[in-house]
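First up is the structure itself, then whatever we jot down about it.
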Amino acid sequence: MSQLQPLTGQTVLVTGASGGIGAAIVERLSAEGARPVIHYGRDRQRAEALLGKLGGNSLIIQADLSRPDGAFALWRDALSAAGRIHAVVNNAGVRNEISIDADPADWRAAWQKEFRVNFFAAADLCKEALVHFKQHGGGRIVNMASRAGQRGYAADAMPYGATKAALTNLTKSIARSFGRDGVVAVSVAPGWVRTDMAEDFVARHGKEAAVGDIPIGEMAEPGEIAELVAFLLRPSQASVNGATFDVNGGSYIR
Ligand code: NAP
């Protein structure tokens with residue numbers, strides 16, 4: 001295995017690869033020798049543009065993760081297209097705002113949508129991946145959590161923080177339970193990262209609301225997250241398991 005291509009031979013399913021962080025992860029994995037499986041929800045154009053950039057060594061799968069069977073369909077399609085899958089990056093996510101003054105129906109719908117995409121779909125995919133990994137000698141899971149799940153979150157986006165806290169806890173349970181089967185699982189917990197999700201927040205609340213409490217005074221770039229994820233997927237990192245990797249410019253220090 002080459003020093004520059006430490007992920008050679010690894011097929012990695014990346015959800016939400018049509019978004020800012022997911023696309024950066026796919027590009028980085030590919031550069032390090034992996035075969036990424038690009039998942040997207042609605043944005044076929046961005047997913048296909050990404051596939052085009054990689055020059056063929058990739059696959060592309062659509063699935064709506066807000067549907068109850070979305071993650072199961074994604075796993076089935078990805079497995080039949082790829083054969084063996086060595087790792088999953090649960091990166092797809094949404095961040096909606098809902099006030100305590102909202103109507104009960106809107107409040108309930110917001111919580112349910114957020115949990116469905118950010119947590120239930122990831123849990124379903126973990127379940128399917130764990131069965132596959134156990135049968136094939138192991139695998140890796142990286143779950144994209146958030147600083148919001150660690151320190152609590154804003155009044156108008158409480159569901160988002162709760163989904164990410166749940167995802168971090170799921171990651172720890174997997175790490176404790178399946179290590180003997182050759183499975184490791186970690187979470188990455190970014191603060192703000194410069195993507196559409198962050199730009200949407202800045203458009204609503206202003207940049208100071210995003211970076212004001214970050215000691216280094218800036219958001220992270222998607223490439224920083226991608227570099228870390230690729231590192232965490234290296235087979236040589238045999239002992240990283242269960243940890244949450246904070247990437248927040250010092251805005252939450254544990
Ligand atoms: P983004 O640019 O908005 O991308 C979100 C991705 O999730 C897209 O690929 C989108 O696919 C996919 N997705 C959303 N709803 C979906 C659905 N119902 N079915 C299938 N796919 C769906 O966001 P990002 O900033 O890259 O965020 C990626 C991850 O990092 C998320 O889990 C987010 O919570 C987390 N995170 C982000 C930040 C930040 O500041 N940006 C900070 C901490 C954590 P389509 O567009 O194709 O539908």
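Excluded from the calculations below are hydrogen atoms, water molecules and symmetry mates; all remaining heavy atoms, backbone and side chain alike, are included. We count ligands from 1, going down the list as the structure has it; atoms in each ligand are counted the same way. Bear in mind that the values here come from a model prediction, so they are computed numbers and not experimental data.
Remark: ligand 1 atoms within the under-4.0 Å shell around heavy atoms of A63 are 19 (N), 20 (C). Atoms of ligand 1 found under 4.0 Å from any heavy atom of M144 (numbered from 1 in listed order, with element): 29 (C), 30 (O), 35 (C). Close contacts of ligand 1 with G93, meaning ligand atoms under 4.0 Å from a residue heavy atom, involve 5 (C), 7 (O), 14 (C), 31 (C), 32 (O). For ligand 1 and S146, the ligand atoms under 4.0 Å from any heavy atom of the residue are 43 (C), 44 (C). Residue-ligand proximity, V117 to ligand 1, at heavy-atom distances under 4.0 Å covers atoms 15 (N), 18 (N). Against a heavy-atom cut-off of under 4.0 Å, D64 is close to the following atoms of ligand 1: 17 (C), 18 (N), 19 (N). Residue A145 approaches ligand 1 through these ligand atoms, each under 4.0 Å from one of its heavy atoms: 44 (C). For ligand 1 and D43, the ligand atoms under 4.0 Å from any heavy atom of the residue are 45 (P), 46 (O), 47 (O).
By the 4.0 Å N-to-carboxylate-O rule, E128 lies too far from R76 to be salt-bridged with it.
Of the listed options S18, G20, A47, A189, G20 places a heavy atom closest to atom 2 (O) of ligand 1. With distances taken over non-hydrogen atoms, the option nearest atom 12 (C) of ligand 1 out of A23, A122, G16 is G16.
Using cut-offs of 30° and 60° on the angle between ring planes, the pair F115 and F120 is tilted.
Looking only at atom types and distance, the side chain of R116 has no donor-acceptor partner in the side chain of S66 under 3.5 Å away. Of the N and O atoms on the side chains of D77 and Q62, not one donor lies less than 3.5 Å from an acceptor on the other residue. Using modelled atom types, one finds a donor on one side chain and an acceptor on the other under 3.5 Å when comparing T163 with N118. Between the side chains of T171 and N143, at least one donor N or O sits under 3.5 Å from an acceptor N or O. Using modelled atom types and a 3.5 Å distance limit, the side chains of R35 and S58 yield no donor-acceptor pair.
Close N/O approach between Y40 and ligand 1 is not found [any backbone or side-chain N/O within under 3.5 Å]. Checked by distance only, ligand 1 and V193 come closer than 3.5 Å through their nitrogen or oxygen atoms.
Residue contact annotation: R95 has no non-hydrogen atom under 4.0 Å from ligand 1. The shortest heavy-atom distance from A220 to ligand 1 is not under 4.0 Å. Residue contacts with ligand 1: M219 is excluded, as none of its non-hydrogen atoms falls under 4.0 Å.
Between the CD1 atom of I225 and the CD atom of E227 there is a distance of 10.0 Å, given to the nearest 0.5 Å. Between L79 atom CG and H132 atom NE2 the span is 5.0 Å, to the nearest 0.5 Å. The distance from atom CZ of F119 to atom CG of N90, rounded to the nearest 0.5 Å, is 10.5 Å. For the atom pair CG (L74) and CD1 (I61), the distance works out to 7.0 Å, reported to the nearest 0.5 Å.
Residue contacts with ligand 1, taken as heavy atom pairs separated by less than 4.0 Å, involve K164 solely via side-chain atoms from C-beta onward. Contacts between F201 and ligand 1, counted as non-hydrogen atom pairs separated by less than 4.0 Å, are absent for every part of the residue. The parts of L65 lying near ligand 1 are both backbone and side chain, judged by heavy-atom distances below 4.0 Å.
A92 CB, 4.3 Å is the protein heavy atom nearest to atom 22 (C) of ligand 1. Looking only at protein heavy atoms, the nearest one to atom 15 (N) of ligand 1 is V94 CG1, 3.4 Å. If you check which protein heavy atom lies closest to atom 48 (O) of ligand 1, you get R42 N, 2.8 Å. Atom 25 (O) of ligand 1 has its closest protein heavy atom at T195 OG1, 2.5 Å. Of the protein's non-hydrogen atoms, G19 CA, 3.3 Å is the one closest to atom 4 (O) of ligand 1. Scanning the protein heavy atoms around atom 36 (N) of ligand 1, the nearest turns out to be Y160 OH, 3.5 Å. Nearest to atom 38 (C) of ligand 1 among the protein's heavy atoms is G191 O, 3.9 Å. Scanning the protein heavy atoms around atom 37 (C) of ligand 1, the nearest turns out to be I21 CD1, 3.7 Å.
Summarising the local packing, CZ of R84 is surrounded by more than 12 heavy atoms from other residues, nucleotides or ligands at distances under 6.0 Å. Heavy atoms from other residues, nucleotides or ligands lying under 6.0 Å from CZ of R180 number 12 at most.
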Apply salt bridge (charged side-chain N to carboxylate O under 4.0 Å, His left out) to residues D213 and R151 and explain how you reach the verdict. CA-CA 13 Å; D213 68 346; R151 66 175 196 181; 2.9 Å; yes

Could you go through E114 and R95, starting from their C-alpha distance and side-chain angles, then the distance that decides it, and tell me whether this counts as salt bridge (charged side-chain N to carboxylate O under 4.0 Å, His left out)? CA-CA 7 Å; E114 205 101 344; R95 179 194 177 281; over 6 Å; no

